[in-house]
Amino acid sequence: MSTMENPENIVWHKCSVEKLDRQQLLKQKGCVIWITGLSGSGKSTVACALSQGLHMRGRLTYILDGDNVRHGLNRDLSFKAEDRAENIRRIAEVAKLFADAGVICIASLISPYGKDRDACRALFPEGDFIEVYMDVPLHVCENRDPKGLYKLARAGKIKGFTGVDDPYEPPLKCEVRKIMLLCRYAFIVRMLISYAGVQLIDLQIVLQQKGTDCVTPGEMAETVISYLEEKGYLQA
Ligand SMILES: Nc1ncnc2c1ncn2[C@@H]1O[C@H](COP(=O)(O)OS(=O)(=O)O)[C@@H](OP(=O)(O)O)[C@H]1O
Ligand SMILES: Nc1ncnc2c1ncn2[C@@H]1O[C@H](COP(=O)(O)OP(=O)(O)O)[C@@H](O)[C@H]1O
């Protein structure tokens, strides 16, 4: 029987240099910041701003962007549900290696299914999986359409496009959330959210103006950096 069929024959090999040692060297704690949201919601932009903000503070980061990883490691995967699940699983496993190396790993991919994201979370020690939800309405993402993919999807030229003819399941619980609300409804929504007991680290009330929002990717990145500071990830 091969080891694939019998994983019990595989024994973990320990080394005297461990995660804690690497973290002390880097003066930070390894973790993954998992940015989820529709195509065009700003995941890659925020991932970059976050990496830049942390780099400027002397922190080691690495971005795993869905689009980019699909050019190499995941080039064999399509957008069918089972291939998306495999894409997400592989990226989570790679992120886990980066976190074990002491790196602040930023994963930005649509990751549309709740159960796949929950499976990723389960790979990490409590607190080390930080889910950031880019809660940007479909019509805003579609208006941006920087790659013209929504247009192709609406024309039926791309099948199974997230938000068009494939589902996106919003996180029920996440650590950081970017939310766009019409300001005039903000007070009511804030009350409903607090009534529902929803935990939001940073509720950003944003003006909707011609499809752009007034919270910049840099501000969103700063929100995540404050979260990391507060939770002690920016020290060994
Ligand atoms: N059918 C379909 N649905 C959604 N997205 C599609 C599709 N086909 C191609 N693209 C482009 O691929 C990018 C999403 O890749 P991900 O690896 O992040 O997707 S997933 O997490 O596996 O769902 C996504 O990039 P982002 O715009 O950065 O999200 C799209 O540009
Ligand atoms: N906060 C923002 N306000 C306005 N436009 C934004 C914002 N964040 C991102 N964008 C723009 O939206 C488009 C999509 O952003 P991108 O980061 O590529 O999204 P995703 O990775 O989720 O597909 C880009 O043209 C980007 O410049």
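The model shown is predicted, which means the values in this text are computed figures rather than measured ones. For this chain, numbers begin at 1 and follow the sequence in order. Whatever order the structure lists ligands and atoms in, that order sets their numbers, starting from 1.
Summary of contacts: the protein heavy atom closest to atom 3 (N) of ligand 1 is Arg84 NH2, 3.1 Å. Nearest protein neighbour of atom 8 (N) of ligand 1, counting heavy atoms only, is Phe79 CE1, 3.4 Å. What sits closest to atom 2 (C) of ligand 1 on the protein, heavy atoms only, is Phe161 CD1, 3.4 Å.
For atom 16 (P) of ligand 1, the nearest non-hydrogen atom from the set Arg70, Arg117, Met134 belongs to Arg70. Closest heavy-atom approach to atom 20 (S) of ligand 1 within the set Thr45, Asn87, Leu109: this belongs to Asn87.
Looking at Arg59, its side chain does come within 3.5 Å of a backbone N or O of Lys27 through a donor-acceptor pair.
Close N/O approach between Gly160 and ligand 1 is found [any backbone or side-chain N/O within under 3.5 Å]. Remark: ligand 1 and Ser111 share an N or O pair separated by less than 3.5 Å (distance only, no angle test).
Of the heavy atoms in Lys43, both backbone and side-chain atoms come closer than 4.0 Å to ligand 2.
Atoms of ligand 2 lying under 4.0 Å from at least one heavy atom of Leu38, given by number and element, are 22 (O). For ligand 2, the atoms lying closer than 4.0 Å to a non-hydrogen atom of Ser39 are 23 (O). Per-residue contacts place Thr45 under 4.0 angstrom from the following atoms of ligand 2 (heavy atoms of the residue considered): 9 (C), 15 (O), 16 (P), 17 (O), 26 (C).
Residue contacts with ligand 1 do not include Asp166, since none of its heavy atoms lies under 4.0 Å from the ligand.
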